[in-house]
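Some notes on the structure that comes next.
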Number of protein chains: 4
Amino acid sequence: MSTLKKIPDSRLGSLSPASPEYNAETDEYFFDHSPVLFNEILDLYRTGELHVPSNCCGAVLQRELEYWKIPKCLISECCIHSYHSYVQAQNTIQSIRESFEDNILDYSPTEYRNSKMKKMFRTIWITLDQPKSSTCAKVFNALYLALVLLSVLVFLLSYQPYCRNETMTHEKLVYMKNYSTISLFQSVNLNNAKQVMFLTTEIHPLLDNIDLFCIVFFTLELFAHFLTCPRKIKFFTYVLNVLDLYLVVAMWTTFAIETQIEKYLNDSGMINFYTVLKASLVLRLLRFFRLMKQFSALKILFMSLKASIKELLLLFITFLLASVFFASFVYFAEFNEQDVFPTIIESVWWAIITMTTVGYGDMYPTSSAGKLVGIACAASGILIIAMPIAVVAANFSEYYLKNSERRLRGRLMKSKKKK
Amino acid sequence: MSTLKKIPDSRLGSLSPASPEYNAETDEYFFDHSPVLFNEILDLYRTGELHVPSNCCGAVLQRELEYWKIPKCLISECCIHSYHSYVQAQNTIQSIRESFEDNILDYSPTEYRNSKMKKMFRTIWITLDQPKSSTCAKVFNALYLALVLLSVLVFLLSYQPYCRNETMTHEKLVYMKNYSTISLFQSVNLNNAKQVMFLTTEIHPLLDNIDLFCIVFFTLELFAHFLTCPRKIKFFTYVLNVLDLYLVVAMWTTFAIETQIEKYLNDSGMINFYTVLKASLVLRLLRFFRLMKQFSALKILFMSLKASIKELLLLFITFLLASVFFASFVYFAEFNEQDVFPTIIESVWWAIITMTTVGYGDMYPTSSAGKLVGIACAASGILIIAMPIAVVAANFSEYYLKNSERRLRGRLMKSKKKK
Amino acid sequence: MSTLKKIPDSRLGSLSPASPEYNAETDEYFFDHSPVLFNEILDLYRTGELHVPSNCCGAVLQRELEYWKIPKCLISECCIHSYHSYVQAQNTIQSIRESFEDNILDYSPTEYRNSKMKKMFRTIWITLDQPKSSTCAKVFNALYLALVLLSVLVFLLSYQPYCRNETMTHEKLVYMKNYSTISLFQSVNLNNAKQVMFLTTEIHPLLDNIDLFCIVFFTLELFAHFLTCPRKIKFFTYVLNVLDLYLVVAMWTTFAIETQIEKYLNDSGMINFYTVLKASLVLRLLRFFRLMKQFSALKILFMSLKASIKELLLLFITFLLASVFFASFVYFAEFNEQDVFPTIIESVWWAIITMTTVGYGDMYPTSSAGKLVGIACAASGILIIAMPIAVVAANFSEYYLKNSERRLRGRLMKSKKKK
Amino acid sequence: MSTLKKIPDSRLGSLSPASPEYNAETDEYFFDHSPVLFNEILDLYRTGELHVPSNCCGAVLQRELEYWKIPKCLISECCIHSYHSYVQAQNTIQSIRESFEDNILDYSPTEYRNSKMKKMFRTIWITLDQPKSSTCAKVFNALYLALVLLSVLVFLLSYQPYCRNETMTHEKLVYMKNYSTISLFQSVNLNNAKQVMFLTTEIHPLLDNIDLFCIVFFTLELFAHFLTCPRKIKFFTYVLNVLDLYLVVAMWTTFAIETQIEKYLNDSGMINFYTVLKASLVLRLLRFFRLMKQFSALKILFMSLKASIKELLLLFITFLLASVFFASFVYFAEFNEQDVFPTIIESVWWAIITMTTVGYGDMYPTSSAGKLVGIACAASGILIIAMPIAVVAANFSEYYLKNSERRLRGRLMKSKKKK
Ligand SMILES: [K+]
Ligand SMILES: [K+]
């Protein structure tokens, strides 16, 4: 009995004939409890160390420790492993569950039962927001994605020369550059085919009309989406909705500028603003992340990236340190070589392209010392990448597995209900 | 007893003196059943949670749960892991077994016992279709593969200039281009060595004869294969047989065209048709997949690719999204640089070549902004590839291991039979 | 009983009625000890082999073997696995603990209790040396890191042409090269923009002043750090402190030389010394490793690299052997091609760049034999890297996991104390 | 009892009152045997399936099955996993043990006890053959490796222009090419710096003398090694000894030719023979594999490569198939582009360099179709490599781990002996 007193706060440590477990008749203590881990707990009293067999589930360990009132920190260093992996797994399961079963905005039943309009609003809302809720929602979602694809295609094609109509001959442009007072024309680099293309051509009317149709569609969708949203304020806490709003505003603004482009030709601030706005329309690509609502693997990939943020940060910092290091070394090693590695900062580009093993070949060391630095750089790159990436890939596998398990459980539940 | 009533449909929950397990004499219930997991099942009644030790085989768990009539969905979230991996392993084992022991087309005994011809047919069929069935089949299969190799070699060599005979001097070709009315000659690009080679040379007669021999052999083989096949319709459900048919037809067609090539010289449609047909003959390489019947590792590789189709799709979609993204960014970042990144779509090629870390160096950013995009692109590529590839590689290892286990079991069975 | 005599030194082997475990009344031996592994130990006496279930913790195994006085080398070859991984894990845990809880230099209580100055010294010491000890220390540390960043930036920018002021026109330099007697000017390569830049420009005064401020700050910090250090001798056993000393000395030396640069222009030894010293200032980048005190992942990365030193050595030796091998082969294979692979040693560069899959494209084989060597080289590179890197990555994951477990234990302890 | 008859040959199945385990007094059967797995074996009789807990060691399973006379093929498909991994581990352990404890050639005690010369021979033999046997052997081995290093360095340096003395001016060579009748001079390509170097220079005498010294040393070593070898015939079954012999013969032959080089200048057969022989001397690099005797990790790397031969073959075949495939596709896709992809076989080089992600950039597709093929090629390469490499890397880790375990056991044994 004296050994039991070692941990006085525990259930066994505080046993006395007064405890409810005491059976006076037989002079024995009776615990209506699982014998699992009882041996290990007795050993804890004997030796002061709690070792847990690795096949014991972390939840059982936690339950038993709580029942016997033993603090968890007594688990010995070598056996905390299984409890740790249980805690990790629980976190993963928890975050997956939250992300997949998050409380989607919805009308409260009281709200829409009384008002007929609210009911209709709710139908629209559900159709727009939850792609899997009904056949109609599925069709709408397919249409939406098709239009996203179309709008991305239009965006890509509008930068292809063969999808543009000529508005000005090349001779005219040369003339404009030399004699016009418009700064835009004066500053054009006639050797830059891209600049020339934008000044001498305009998007093919067909593409332009398709684009306009898409803008109108997305504007209406955003409008309907916002109008029928039950909690207007929460609506803009979703990144994809903010993106939608930005895209709609940016699209109409560029459209407005384009119609009156002649006015602004001399206003370089306006031209720059227009260019940035136009370029930012590539963000329409992000609309594809609506796919995440259906394609869970993509969601899992993002969740595991989020969960690996620490490892990625480590990768980033080590990478940056190492690249500046190798860049400086190669700069000094190649100091007497002309034409390559003009400054340290430009050498950083070389170091990173070498460490990622891309190796474009636009810069490479030519002296012996520089080549030694290059070899060290490539080798370090492989090492530095391999280590955190292994953890990130393992995280992804873990998330992927847990999601697969979650779905198995879902199937088991469904098959029980059917019975 | 009251705790047992928590799950009323289960065997313990429905116990009563009327159940067959009740022994009236001793007033006890007796179960002639394994005590494995009984503790855990009692704990389920006590605590409402079913935790399973991780060393317990999934099949045992399933058996016990069925015996005690407990629904599988009661397995707690943290312990479903081992059941999930059991289900996965069973699926893998199942698909490997199906693929290796699939019911090969064969004559029914009644069919070939009576007819002598059918018997002979069957012998030919077995010899042609199952490379491991007899010594004769092995020899034939080796011959077949040797001829496939030969035919591939002839195909490769027929595009080497030193394996072709001159039929027309270069001067003649220049003359033809300038004065002939035949469109084929008019459209030739004299700087393109490949076009010139095809117009001024023909395949060396030796190679041509070997090719002809191979065609005849494969035609006969296909004919014999089809003629002796017990189920003619099922024959063409095998991809390799369809391929064989296509190749034989395509080979004879090209052969026919070649003999009368002068007729068609002015018919550009015919010439294009001939070129495509000729190029498609590279598919003869696929005949090597007959090796799969003997070289099981190749089959396992294909099966695991098939099993990883979801991860590969994920990889493909993420890759495409990311590459269009980086392509757009680099296009705008390098807008003021001439000569590189002429359009967004051409930049996609750069983005993919960078993300796969191939890095040809035909395109690379030169401005600071472009270089930042390049760094992000290379880094994302490594990340995006690493994650699904880890799952795919793990799938392959799993299939490879299970196949190895299957073979161990086969050996154990054989060694028992010998005893 | 005779089977027990097989291992005479063991507790069971030396049992006799005289042993303390003997209970004369019941004629039984009683061991107040855990029954865990008793079955396995009995089996050891029966069969002579000790097999341990893989879920048994290594510490328990060790405890039991010591209790039963059985030598550890009796663990059978197939079951040593779990004991080995226990030993490995213990080593990992041990080295992590040592590295994180290493006895930081500190004043002994008796030292600083009596003297007021010592007390103040200790406060400064703790503030400077332990970034997490107080708010003040945190602020100072943030300032320190900001200045490190600033000093690195100044270093990088001082090599950018647009951050330098002209001191001499290019024409003057050409004149100096042709007519001056100063060797430095005579040896300049006018085509090398880097050499020209250094001779015709000086760092922008603003950057120079910031640099001076940083030097003063780091000098003061080092001085205060050293002055308040309780054990002066041990101070320089820390690599970062030696680095600090070197940097401060080197910085002041370069500064001194720069102020009197005209004197030394003709002294090429001095110029070389100055250049090397100046280049070595890039080591200031290493000051970032102070981050390791806060950012434990970086420490873990370094520890796992240290623990993988054997695998890295293996990688290095195999890589070197293989690269010299392929370099020799490609040299002979390409002997008749001009311009590429001029010597074997230069071919080693090609071999390594190919084996790491960087592939700059500055050298590549052009003959058939050379291409075969190239293919073998690339394939070997992938293989040689993949194998040890897998072990290194696994080591990192292990260290990372154990550190994560250590922190979980820390949290559990804290949460107990709060109660 | 009837259930026990299901497997009649087993120990339980053949129980009868006549069996030795029967105890007539108590009417019970008594087995003096471990109860481990008894439950599972009873379940086998009950359900016909043998499921084994995954923590049970494969050796115990084997022992129990043999004791109960149950054929191993009854292990169920889902539980063969642990037995399979046990068999695999045993194979690995076995091959490591064989390779490390292989019976090194040695004199039998009877041989060398009587003869004094034999005793001396044996001392020399042990010193030469077993680097770890004595301090003298260690010193000799260090010397040997130093000379290997030296001889490799001499080999590498002898191809560096600055380590060679001029024997003929460039003008003389031009004159020789034009007017000499010696074919060697006539065929020289004056633009090929390598050919010119060999004809106009000779190795620096110092290097030549060092080389001669190394040759003498290695000749003596081989002679002593062979002379003192107890089994002359077995001596040449070791690859490294054959290599030594070849190198010594080849070195003396080249040396002999070099002294009379003028004689053979016109004999192109002799010149070719000399060149090949000279080039083959790079094999001296392989002498470094003597390091394997001390550096066990290198040995493990080779063993795991040998054990992964099947996976590497799979990799090789898939790679070859895929590369010919992509080469053909890119050839046709780029048919109308001039200058790139001249023949399919040359395109194979491109395909392999792309699939290994080396990407030199000497060839790359320029048309849209070609780029699509390029993307597919790079992606396939990553996939095809990732899968078998994962298995190979896992094999290496397994071998590495088992070797580490073997060494732990060795240490445990030693520490017991010390006691
Ligand atoms: K490259
Ligand atoms: K590359």
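Here is the naming used below: chain letters follow the sequence lines, and residue numbers restart at 1 for every chain.
The candidate from B:Glu49, B:Glu40, B:Glu337, B:Gln88 with the greatest count of non-hydrogen atom pairs under 4.5 Å with chain A is B:Glu337. When the candidates A:Arg411, A:Met413, A:Arg409 are compared by the number of heavy-atom contacts under 4.5 Å with chain B, A:Arg409 comes out ahead. Most heavy-atom pairs under 4.5 Å with chain A, from the set B:Leu313, B:Leu314, B:Leu372: that is B:Leu314. Ranked by heavy-atom pairs shorter than 4.5 Å toward chain A, the options B:Val391, B:Asn55, B:Asp43 are led by B:Asp43. The choice from B:Ser76, B:Pro388, B:Gly361 that makes the most heavy-atom pairs within less than 4.5 Å of chain A is B:Gly361. Highest contact tally toward chain B, considering only A:Ser82, A:Ala279, A:Ser397, is held by A:Ala279 [criterion: heavy-atom pairs under 4.5 Å]. Interface summary for chain A: among B:Ala390, B:Cys79, B:Pro365, the most heavy-atom pairs under 4.5 angstrom belong to B:Pro365. Comparing A:Leu157, A:Ile345, A:Leu305, A:Thr275 by how many heavy-atom pairs each has under 4.5 Å with chain B, the most go to A:Leu305. In terms of non-hydrogen atom pairs under 4.5 Å with chain A, the most contact-rich of B:Ile389, B:Asp339, B:Thr366, B:Leu383 is B:Leu383.
In this structure, B:Tyr364 and A:Val358 have side chains that are not in contact, with every pair of non-hydrogen atoms separated by 4.5 Å or more. In this structure, B:Val52 and A:Cys57 have side chains that are not in contact, with every pair of non-hydrogen atoms separated by 4.5 Å or more. In this structure, A:Leu156 and B:Val348 have side chains that are not in contact, with every pair of non-hydrogen atoms separated by 4.5 Å or more. Using a 4.5 Å cut-off on side-chain heavy atoms (C-beta onward), B:Glu311 and A:Tyr400 make contact.
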Side chain to side chain contact (heavy atoms under 4.5 Å, CB included) between B:Tyr331 and A:Lys194, intermediate numbers included: CA-CA 10 Å; B:Tyr331 177 82; A:Lys194 286 179 278 188; 3.6 Å; yes
Derivation and outcome, side chain to side chain contact (heavy atoms under 4.5 Å, CB included), residues A:Leu283 and B:Phe325: CA-CA 8 Å; A:Leu283 294 172; B:Phe325 221 76; 4.0 Å; yes
From CA spacing to verdict: side chain to side chain contact (heavy atoms under 4.5 Å, CB included), B:Asn336, A:Gln195: CA-CA 8 Å; B:Asn336 291 324; A:Gln195 288 183 6; 2.8 Å; yes
Steps toward ring pair (Phe, Tyr, Trp, His ring centres under 6.0 Å) verdict (A:Phe198, B:Phe335): CA-CA 11 Å; A:Phe198 273 93; B:Phe335 194 82; 5.5 Å; yes
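A distance of 5.0 Å separates CG of A:Asn189 from CD of B:Gln338, quoted to the nearest 0.5 Å. Here the OG-CG distance, from B:Ser85 to A:Leu401, works out to 8.0 Å after rounding to the nearest 0.5 Å. Between atom SG of residue B:Cys73 and atom CG of residue A:Leu412 there is a gap of 7.0 Å, rounded to the nearest 0.5 Å. Atom CG of A:Leu298 and atom OG1 of B:Thr318 lie 5.5 Å apart (nearest 0.5 Å). Here CZ of A:Phe396 is found 11.5 Å from CD1 of B:Ile384. Values are rounded to the nearest 0.5 Å. In this structure, B:Lys72 NZ and A:Leu408 CG are separated by 9.0 Å, a value rounded to the nearest 0.5 Å.
Looking at B:Val392, neither its backbone nor its side chain comes within 4.5 Å of chain A, counting heavy atoms on both sides. Within the 4.5 angstrom heavy-atom criterion, only side-chain atoms of B:Asn39, from C-beta onward, approach chain A. Proximity to chain A (any heavy atom under 4.5 Å) is shown, for B:Met355, by neither the backbone nor the side chain. If you measure heavy-atom distances from A:Arg284 to chain B, you find no contacts under 4.5 Å at all. Contact of B:Asp362 with chain A is not made at all, since no heavy-atom distance falls under 4.5 Å. Proximity to chain A (any heavy atom under 4.5 Å) is shown, for B:Pro53, by both the backbone and the side chain. A:Ile300 does not touch chain B: none of its heavy atoms, backbone or side chain, sits under 4.5 Å away. In this structure, chain A has heavy atoms under 4.5 Å from both the backbone and the side chain of B:Phe341.
Of the candidates A:Arg97, A:Gln90, A:Gln94, A:Arg406, A:Arg97 is the only one forming a side chain to side chain donor-acceptor pair (under 3.5 Å) with B:Glu77.
Aromatic pair A:Tyr159/B:Phe332: centroids less than 6.0 angstrom apart.
For the pair B:Leu321 and A:Leu285, the tightest heavy-atom approach, listed with the atom from each and the gap, is O-CD2, 3.5 Å.
More than 12 heavy atoms of other residues, nucleotides or ligands lie within 6.0 Å of OH in A:Tyr274, so this atom counts as buried by the packing criterion.
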